[in-house]
Asks: 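Quick one: structure below, then a few questions.
Excluded from the calculations below are hydrogen atoms, water molecules and symmetry mates; all remaining heavy atoms, backbone and side chain alike, are included.
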Amino acid sequence: MANKTFGNTSGWLGYTLSWSNRQFPNGEINRGRVYPAKYDNRHKINAVVMHKFGKRFDASASWVYSTGNWTTLAMQKYVENGEEKEYIDRRNNFKMPAYHRLDLSFNYYRYKKKGRLGIWNLSIYNAYSQHNSFLLVPTTEAEFFTPEEKADRSKPVFKSLSIFPIIPSFSYTYKF
C-alpha cells in the first residue's frame, strides 16, 4: 500500500496478491483434491483519491478491482435411468469475469452555532454502471446465443446476472 498527500489532495493505492484454496481430505468434497475457494481473487487493487475544496466542500473517488470469483458449472449433461444429470469433474471449475467499479462521493459542510455541523452528502455507487457478474445460470434463451453457438448447440451457454447497477444516494448528517 502507498499513500500520499499533495496539499488538499490525498489518496492511497493498495494491491493484494493472494491465494485461497480449500481441501477436504476425507474426500467428501472434490474427491479430496485441493481446489480454489469461491472468493480466491488472486489480484485486488483499491485506489482512493480525496480532495478538499476549502472548508465547506470535499469530494472523493474510490476504484475497486478484483479478479473474478470461482463457481462450479456443469459442462455436460447425461441421462442415467431416465433421469437427466449434470457431470461436474471438479469443484469451482470456472472463473467468473473480473469485478470492478467506481464510487464517487461529494460532501457539503454547513457549520452551525455552538459547534454544530450539518453535512449534505451525494454518493454514487458503481458510477459507470459496470455489470459485475453475481451468478451464472444456464440458458436456452435465443438472445444470449452468438451465431456460432446457435449453429453448435452442444456447447452450454450461461446468462450472467448482476445485482447492483449504478446506485445514487443522498444523505444528511447533523452533528451536535
Asks: Can you measure from CD (Gln23) to CG (Asn26) and round to the nearest 0.5 angstrom?
Replies: 10.0 Å

Asks: With hydrophobic residues grouped by side-chain heavy-atom distances under 4.5 Å, do Ile163 and Tyr128 end up in a single group?
Replies: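 They do not share one cluster, since no chain of ILVMFWY contacts under 4.5 Å joins Ile163 to Tyr128.
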
Asks: Closest heavy-atom contact between Ser62 and Val48?
Replies: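 Scanning both residues, the minimum pair turns out to be OG-CG2, 3.9 Å.
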
Asks: Is the shortest side-chain heavy-atom distance between Lys44 and Tyr15 below 4.5 Å?
Replies: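 Sidechains of Tyr15 and Lys44: no contact.
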
Asks: Is there side-chain contact between Arg42 and Asp40, with at least one heavy-atom pair below 4.5 Å?
Replies: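 The answer is yes, as the side chains (C-beta and beyond) meet within the 4.5 Å cut-off.
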
Asks: Taking all heavy atoms of Ile88 and all of Asn93, pick out the closest pair and write down the distance.
Replies: CG2-ND2, 4.4 Å

Asks: I'd like to know if the side chain of Asn132 and the backbone of His100 have a donor-acceptor N/O pair within less than 3.5 Å.
Replies: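 Side chain of Asn132 to backbone of His100, a donor-acceptor pair under 3.5 Å: yes, one is there.
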
Asks: Look only at the side chain of Asn3 and the backbone of Trp12, and say whether a donor-acceptor pair between them is shorter than 3.5 Å.
Replies: no

Asks: List the atom of Phe158, the atom of Ala74, and the distance in Å for their closest heavy-atom pair.
Replies: CZ-O, 3.9 Å

Asks: Do Leu136 and Lys159 come within less than 4.5 Å of each other through their side chains, counting heavy atoms only?
Replies: no

Asks: Are Trp70 and Tyr39, when compared by the centres of their aromatic rings, separated by less than 6.0 Å?
Replies: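 Aromatic pair excluded; centres sit 6.0 Å or further apart.
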
Asks: Hydrogens and angles aside, do Thr72 and Asn92 bring a side-chain donor and acceptor to less than 3.5 Å of each other?
Replies: yes

Asks: Would a distance-only check, ignoring hydrogens and angles, find a side-chain to backbone donor-acceptor pair under 3.5 Å from Arg91 to Arg31?
Replies: no

Asks: Judged by modelled atom types alone, do Asn81 and Glu83 share a side-chain donor-acceptor pair under 3.5 Å?
Replies: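 No.
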
Asks: Using the six-membered ring of Phe6, assess whether NZ or CZ of Lys4 lies under 6.0 Å from its centre and within 45 degrees of the ring axis.
Replies: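 Geometry flag: set, cation within 6.0 Å and 45°.
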
Asks: Does the side-chain contact (heavy atoms from CB on, under 4.5 Å) test come out yes or no for Lys114 and Phe176, once each step is laid out?
Replies: CA-CA 8 Å; Lys114 299 181 184 178; Phe176 55 94; over 6 Å; no

Asks: Show your working on side chain to side chain donor-acceptor pair (under 3.5 Å) between His131 and Ser160 and close with a plain yes or no.
Replies: CA-CA 9 Å; His131 176 96; Ser160 172; 3.0 Å; yes

Asks: State, without any angle test, whether Tyr35 and Arg33 hold a side-chain donor-acceptor pair at a distance under 3.5 Å.
Replies: no

Asks: Please say yes or no: joined through hydrophobic side-chain contacts below 4.5 Å, possibly via intermediate residues, are Phe134 and Val137 part of one cluster?
Replies: yes

Asks: Is it true that the side chains of Asn126 and Asp103 contain a donor and an acceptor less than 3.5 Å apart?
Replies: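 No.
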
Asks: After noting the C-alpha distance and the side-chain angles of Leu17 and His43, does the key distance pass the side-chain contact (heavy atoms from CB on, under 4.5 Å) rule?
Replies: CA-CA 5 Å; Leu17 173 65; His43 306 281; 3.6 Å; yes

Asks: Within this structure, what is the OG-CG distance for the pair Ser60 and Asn107, rounded to the nearest 0.5 Å?
Replies: 7.0 Å

Asks: To the nearest 0.5 Å, what is the distance between CZ (Arg56) and CZ (Arg110)?
Replies: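 Arg56 CZ to Arg110 CZ: 7.0 Å, rounded to 0.5 Å.
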
Asks: For residues Leu117 and Lys112, determine if any side-chain heavy atom of one lies less than 4.5 Å from a side-chain heavy atom of the other.
Replies: no

Asks: About how many Å separate NZ of Lys77 and CD of Glu84, when rounded to the nearest 0.5 Å?
Replies: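 Rounded to the nearest 0.5 Å, the CD-NZ separation comes to 4.5 Å.
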
Asks: Would you tell me whether Ser105 and Asn121 have side-chain atoms, one donor and one acceptor, within less than 3.5 Å of each other?
Replies: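 Yes - a donor-acceptor pair under 3.5 Å links their side chains.
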
Asks: Donor-acceptor pair, distance only, cut-off 3.5 Å: does the side chain of Ser133 make one with the backbone of Met96?
Replies: no

Asks: According to a 4.5 Å side-chain heavy-atom criterion applied to Ile, Leu, Val, Met, Phe, Trp and Tyr, with indirect links allowed, do Leu161 and Phe164 form part of one hydrophobic cluster?
Replies: yes

Asks: Are Ile119 and Tyr174 side-chain neighbours, meaning at least one heavy-atom pair lies under 4.5 Å?
Replies: no

Asks: Would a single hydrophobic cluster contain both Trp63 and Phe106, if residues Ile, Leu, Val, Met, Phe, Trp and Tyr are joined by side-chain heavy-atom contacts under 4.5 Å?
Replies: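 Yes, Phe106 connects to Trp63 through the hydrophobic network.
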
Asks: Is the closest side-chain donor-acceptor distance between Tyr109 and Asp58 under 3.5 Å?
Replies: yes

Asks: Quick one: does Trp120's side chain get under 4.5 Å of Leu122's, heavy atoms only?
Replies: no

Asks: Does Val64 share a hydrophobic cluster with Tyr125, counting links as ILVMFWY side-chain heavy atoms below 4.5 Å and allowing steps through other members?
Replies: yes

Asks: With rounding to the nearest 0.5 Å, note down the distance linking CD1 in Ile124 to CZ in Arg101.
Replies: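 Rounded to the nearest 0.5 Å, the CD1-CZ separation comes to 13.5 Å.
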
Asks: Yes or no on side-chain contact (heavy atoms from CB on, under 4.5 Å) for Tyr99 and Ser66, after CA distance, side-chain angles and deciding distance?
Replies: CA-CA 5 Å; Tyr99 175 97; Ser66 69; 3.7 Å; yes

Asks: Would you give the length of the straight line joining atom OG1 of Thr71 to atom CG of Leu135, rounded to the nearest 0.5 angstrom?
Replies: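 The CG atom of Leu135 is 7.0 Å from OG1 of Thr71, to the nearest 0.5 Å.
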
Asks: Say whether Thr9 and His51, considering side chains only, have a donor N or O and an acceptor N or O under 3.5 Å apart.
Replies: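 There is such a pair between these side chains.
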
Asks: Using a 3.5 Å distance criterion without hydrogens, assess whether the side chain of Arg22 forms a donor-acceptor pair with backbone atoms of Pro36.
Replies: no

